[in-house]
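Input: a single structure, listed below in structure tokens.
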Amino acid sequence: MSVTRLSPAGLQPHTPYHHVAVATGSRHIHVSGQVARLDDGSPVATGDLAGQVAQVLRNTGRALAGADSSFEDVVRLTFYVTDWTPEKIGPFMAGVESVAEELGLPQPLPPASLIGVDHLFEPDVLVELEATAIAN
């Protein structure tokens with residue numbers, strides 16, 4: 001395995017992600033921001049944060065697979081969510097949990113950031129996800 005994830009003592013406990021990823025490998029994979037769109041560009045789960053989170057994870061999984069990689073190789077996830085408030089963590093995590101088994105998401109997740117933004121490139125886009133992976 002090219003990635004080891006850990007959460008050293010002294011860092012915030014009980015997070016749904018690891019705080020650190022240590023990677024070895026020769027291929028750096030950078031997945032551009034994925035949104036809740038199908039392969040024909042049509043929107044998915046309009047107005048539904050949980051549904052959009054699930055779709056961006058599916059799309060990110062497809063992008064990783066295209067690079068002969070998977071979520072096991074991911075060292076960093078960056079989520080951008082529009083109009084973020086702490087009350088949205090429930091629907092956000094429900095979206096993650098709904099596809100965790102389907103996509104083989106590591107639990108806890110790789111190191112991750114969730115960044116609240118005013119808006120994304122289209123009004124219906126509630127979440128965008130970038131990923132970085134290291135593979136052999």
Side-chain angles (χ1 to χ4, degrees):
M1 177 180 276
S2 63
V3 179
T4 302
R5 295 180 193 90
L6 59 137
S7 290
L11 297 177
Q12 179 181 348
H14 314 296
T15 59
Y17 55 87
H18 284 288
H19 287 277
V20 178
V22 179
T24 58
S26 57
R27 295 186 313 120
H28 290 233
I29 302 158
H30 299 267
V31 178
S32 69
Q34 297 299 302
V35 298
R37 296 276 198 270
L38 297 177
D39 60 354
D40 65 1
S42 59
V44 173
T46 301
D48 174 12
L49 180 59
Q52 287 200 18
V53 168
Q55 188 63 39
V56 300
L57 285 163
R58 285 185 183 107
N59 290 349
T60 300
R62 286 184 188 101
L64 290 165
D68 194 28
S69 183
S70 73
F71 280 102
E72 287 299 320
D73 299 316
V74 170
V75 296
R76 184 93 180 128
L77 296 170
T78 304
F79 293 89
Y80 301 91
V81 180
T82 61
D83 300 317
W84 179 256
T85 63
E87 295 76 26
K88 291 184 177 183
I89 196 65
F92 179 88
M93 291 307 299
V96 172
E97 293 163 6
S98 73
V99 294
E101 186 175 331
E102 169 191 336
L103 300 175
L105 293 177
Q107 295 294 320
L109 292 170
S113 292
L114 192 158
I115 300 168
V117 297
D118 289 335
H119 57 273
L120 292 163
F121 78 101
E122 292 284 340
D124 66 290
V125 177
L126 303 178
V127 61
E128 186 169 329
L129 172 59
E130 296 175 342
T132 303
I134 305 289
N136 294 321

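Here the structure is a predicted model, which means the values were calculated and not measured.
Every residue meeting the side-chain contact (heavy atoms from CB on, under 4.5 Å) condition with Glu87, not counting sequence neighbours, appears here in chain and number order: Thr85. For the side-chain hydrogen bond (donor to acceptor under 3.5 Å, both in side chains) test, no residue two or more places apart in sequence or in another chain qualifies with Glu97.
Taking all atoms of both residues into account, the shortest heavy-atom contact from Ser26 to Asn136 is OG-C, 4.0 Å. Residues Pro111 and Val75 approach most closely at CD-O, 3.5 Å, considering heavy atoms. Summarising the geometry of Ser98 relative to Ala54, their closest heavy-atom pair is OG-CB, 3.6 Å, with the distance given to 0.1 Å. A pairwise comparison of heavy atoms in Pro43 and Thr46 identifies CB-OG1, 3.9 Å as the closest pair. Between Ala36 and Gln55, the shortest heavy-atom distance links the atoms CA-CG, 3.7 Å. Nearest approach of Val74 to Val3, heavy atoms of both residues: O-CG1, 4.0 Å.
In this structure, OG1 in Thr132 is found 10.0 Å from CD1 in Ile29, a value given to the nearest 0.5 Å. Rounding to the nearest 0.5 Å places NE2 of His18 at 7.5 Å from CG of Leu6. To the nearest 0.5 Å, atom CG of residue Leu114 and atom NZ of residue Lys88 are 10.5 Å apart. Put simply, CD on Gln52 and CG on Leu57 are 12.0 Å apart, with the number rounded to the nearest 0.5 Å. Distance check: Thr82 OG1 to Asp118 CG gives 9.5 Å after rounding to the nearest 0.5 Å.
Side-chain contact between Val127 and Leu129 is absent, with no heavy atoms from C-beta onward closer than 4.5 Å. Looking at Ile89 and Trp84, their side chains come closer than 4.5 Å, going by heavy atoms from C-beta outward. For the pair Val20 and Pro8, the minimum side-chain heavy-atom distance is below 4.5 Å. Ser113 has its side chain within reach of Arg76: a pair of non-hydrogen atoms, C-beta onward, lies under 4.5 Å apart. Using a 4.5 Å heavy-atom cutoff, the side chains of Arg58 and Leu103 are in contact. Using a 4.5 Å cut-off on side-chain heavy atoms (C-beta onward), Pro106 and Glu72 make contact.
For residues 23-38, every residue pair satisfying the salt bridge (charged side-chain N to carboxylate O under 4.0 Å, His left out) rule, not counting sequence neighbours, is listed here: Arg37-Asp124. Residue pairs meeting the side chain to side chain donor-acceptor pair (under 3.5 Å) criterion with at least one partner in residues 60-71, sequence neighbours excluded, are Asn59-Arg62, Ser69-Asp73.
Hydrophobic clustering of Ile, Leu, Val, Met, Phe, Trp and Tyr side chains at less than 4.5 Å, counting indirect connections, keeps Val31 apart from Ile134. Follow the hydrophobic side-chain contacts under 4.5 Å out from Met93 and you reach Phe71 in the same cluster.
Between Tyr17 and His19, the ring-plane angle classifies as perpendicular under the 30° and 60° cut-offs.
With hydrogens and angles ignored, the 3.5 Å screen pairs no side-chain donor or acceptor of Thr78 with any backbone N or O of Glu130.
Within a 6.0 Å sphere centred on CD of Glu101, other residues, nucleotides and ligands contribute 12 heavy atoms or fewer. Within a 6.0 Å sphere centred on NE2 of His30, heavy atoms belonging to other residues, nucleotides or ligands number more than 12.
Through side-chain heavy atoms spaced under 4.5 Å, either directly or across other Ile, Leu, Val, Met, Phe, Trp or Tyr residues, Ile115 is tied to Val35, Tyr80, Val117, Leu120, Phe121, Val125. Under the 4.5 angstrom side-chain criterion for Ile, Leu, Val, Met, Phe, Trp and Tyr, the cluster partners of Val44 are Leu38.
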